[in-house]
Enquirer: 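Below you'll find the structure I mean.
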Amino acid sequence: MGEDVGRYGGAFGVSLGLLDEFGPDRVRDTPLSESAFVGAGIGAAIAGMRPIVEIMTVNFSLLALDQILNNAATLLHMSGGQVAVPLVIRMTTGAGRQLAAQHSHSLEGWYAHIPGIRVLAPATVADARHMLAPALADPDPVVIFEHGSLYNASGSPEPDGAPADLDSAAVRRSGTAVSLITYGGSLGKVLEAAERLAADGIDAEVVDLRTLRPLDDDTVIGSVRRTHRAVVADEGWRTGGISAEIAARIAEQAFYDLDAPVERVCAAEVPVPYAHQLEEAALPQVAGILAAVRRAVG
Amino acid sequence: MPSLGADMTEGTLLEWLVRPGDRVDRGDIVAVVDTAKAAIEVECFETGTVEELLVQPGTVVPVGAPLAVIAAAAAEPEAGAPAGTPHARAGAHPAEHQAGPIATPLVRRLAEAGGVDLAAVHGTGPGGRITKADVQAAPHAPAGDGPSEGPAVPSPPQAESHGHPPTGPGTHPAEADGAGGRVRASPMARRIAAEAGLDLARVHGSGANGTVRAADVRAVLRAPAAPVPSTASAQEPAAPAPSPPTRAEAMRQAVGALMDRSKREIPHYYLSTTVDLAEATRWLRDRNRQLPVAERLVPAALMLKAAAVAAREVPQLNGWWTDGFTPAPAVHLGVAVALRGGGLIAPAIRDAADLPLPELMARLRDLVARARSGRLRSAETSDPSITVTSLGDQGVEAVFGVIYPPQVALVGLGKVVERPWAANGMLGVRPVVTATLSADHRASDGATGARFLSALDRLLQQPEEL
């Protein structure tokens, strides 16, 4: 359920055709009230259903943050384990499409702060396809962040492929000189940077976090222990963001393996601008990732 | 190199706390020496002026080898002190030097910027704290005054944060980087260098701002016969010698050698008695009730005091056997302390029989803490005259110990337990402890040992007299 998920097929076309296939009992358009329809989703989950709630963008999800944090993430704890909330919330995140500041932010790091929910950030078509089933199977709330710029990505995931592993990060490219740690909409830029670095003889490893909560420390720290350098790239703001959490964990767990300070490539600390050039300038780009890697590798 | 225990044959000089030109008084702590058991602060046994340090830090020398030359006191006029007066002051009071002057970060920053040595500034703030005004009023040293003088203005907080093995400031005049600060190096480079025993100051940093990186350290380690002068450790990595024993292994060997000698040479005899502690326990409880927690006494302190007084009453057990018995002039009560990493050490509470109980309690607490942190003084480890071992906190009721040569007796104390006890024809439940004595039959006979245990029992029935 969600705004325009039925007849319109979803603001980004994600649920196109589902109404015809599954009917109005299972595919529901809701009023424009994030708090109300997320709350309804929580109620349905408590009552034994497995609802998927779509919120149009992460910016709008703030209207439902009370429901997500104070109810969905908390009820299992407050009921002494009696009331589980097997809810899946999907929402769009990220910038790059000239939708301006109220539709473009990357606040998944805020959600990753909350104990009691699982936070997913698929970066590939296969993950977007195969994370949904295990997310529904999870007895606790799962929030899935889909980067808006990835909706046009194409690929051919196996129709009956195995459910994705929701606990592990993935090494998308193996390397020895530096670990590039990223997720979601930044993965493509990071992989492109890695290819360019390879041309210069710098062999970068690319880690796709996939799950922002709980973070897969083993994969991240294991990679840094091999490469001794780390660059974190994400579209969130730098201050207090998920990149800060990752840098802190590296400092805590791999300090004596570090041969250079951890570098971060994040969004400029401004509301994401509307003008194309300004928006591009505010977001992490390949050039910025290359510069950070060169500082780290020296 | 002083003998810091009967089992010590050699020691490693870890650190000098004085430098040539410093005045030292008998009893000052002048160096730190590593035995197989612990790092021990060595007290000076002469008064005078340090003329020359003969042994470099990190060197192993046998017991008896000269470490430094000290000139007699009279020959040294005050005006003749060498140029770096702040040095001499800092060196003569190593404890103060280590603690550093009391100053806020702001004051330290101002001092650093102005080239002021905080150690030489008199603090006028509360508790001797150095204030901003003190720094501004202090004479400013010319900053960055030539590399050879660089380390002559030690900056205590920086010296403390130095990552590599402690060496006195100025022992590496060539590589100090003018600012006297620490080498800029990545954590990984630091780790690799530490593992290989390489001084980072000798590595050229290729990173930004001269940062030493892992590759720089590896390059130096790979280079055959690299131009690394003087220190033995830096030359080793090329051909790693059979690795030296760890502290735990060395400790095991040292304890083993000493105990082996004890059982080989000393004909032990053993006595045991059970002491009623009802009176002592009651007295302690009443006394502690009136005291703040920090000043309360534990039963162990009372029993140590009783053992010390009993040893004074039975001098045949208090002393050393070397080609005959030498009685000790006072009771220096060794206290066996189990170390957390394994092994044990038995430093002495000096003049224990003459100490008031609160003082003995404080000494005991201090001694155990320092033994476990590996910072004992030479006088504490070299001359215990009788040792007490207590395994009560481990739950055992009696311990028949092995004597520490060349001592002639070892007192064992077990756990204080409640037992049915008959006294004056009445049966009651009382706290009791099993006290044992292991003694050297060459120096005394069973009757002497019996007098000791009986004295111990008697003393513990009159705790107020202790």
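Quick caveat, the model's predicted, so the values are computed rather than measured. Numbers restart at 1 for each chain; the letters A, B, ... are given by sequence-line order, proteins then strands.
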Enquirer: Rounded to the nearest 0.5 Å, how far apart are OG of B:S186 and OH of A:Y256?
Expert: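 Those atoms lie 12.0 Å apart.
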Enquirer: Under 4.5 Å heavy-atom distance to chain B, tell me which part of A:A251 shows up: side chain, backbone, both or neither.
Expert: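 Neither part, no heavy atoms under 4.5 Å.
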Enquirer: Please state whether the side chain, the backbone, both or neither of B:A189 comes within less than 4.5 Å of a heavy atom of chain A.
Expert: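 Contact with chain A: backbone and side chain both.
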Enquirer: When rounded to the nearest 0.5 angstrom, what distance separates CG in A:D259 from CG in B:D216?
Expert: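 That separation rounds to 8.0 Å.
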Enquirer: For B:M188 and A:D257, work out which heavy atoms get closest and say how close.
Expert: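 Minimum heavy-atom separation between B:M188 and A:D257: SD-O, 3.4 Å.
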Enquirer: Heavy-atom cut-off 4.5 Å, strictly under: side chain, backbone, both or neither for B:A185 against chain A?
Expert: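 No part of it gets close to chain A.
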Enquirer: With rounding to the nearest 0.5 angstrom, report the CG to CZ distance, A:L258 to B:R191.
Expert: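 Answer rounded to 0.5 Å: 10.0 Å.
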Enquirer: Looking at B:R213 and A:V297, would you say the former's side chain and the latter's main chain have a donor-acceptor pair under 3.5 Å?
Expert: yes
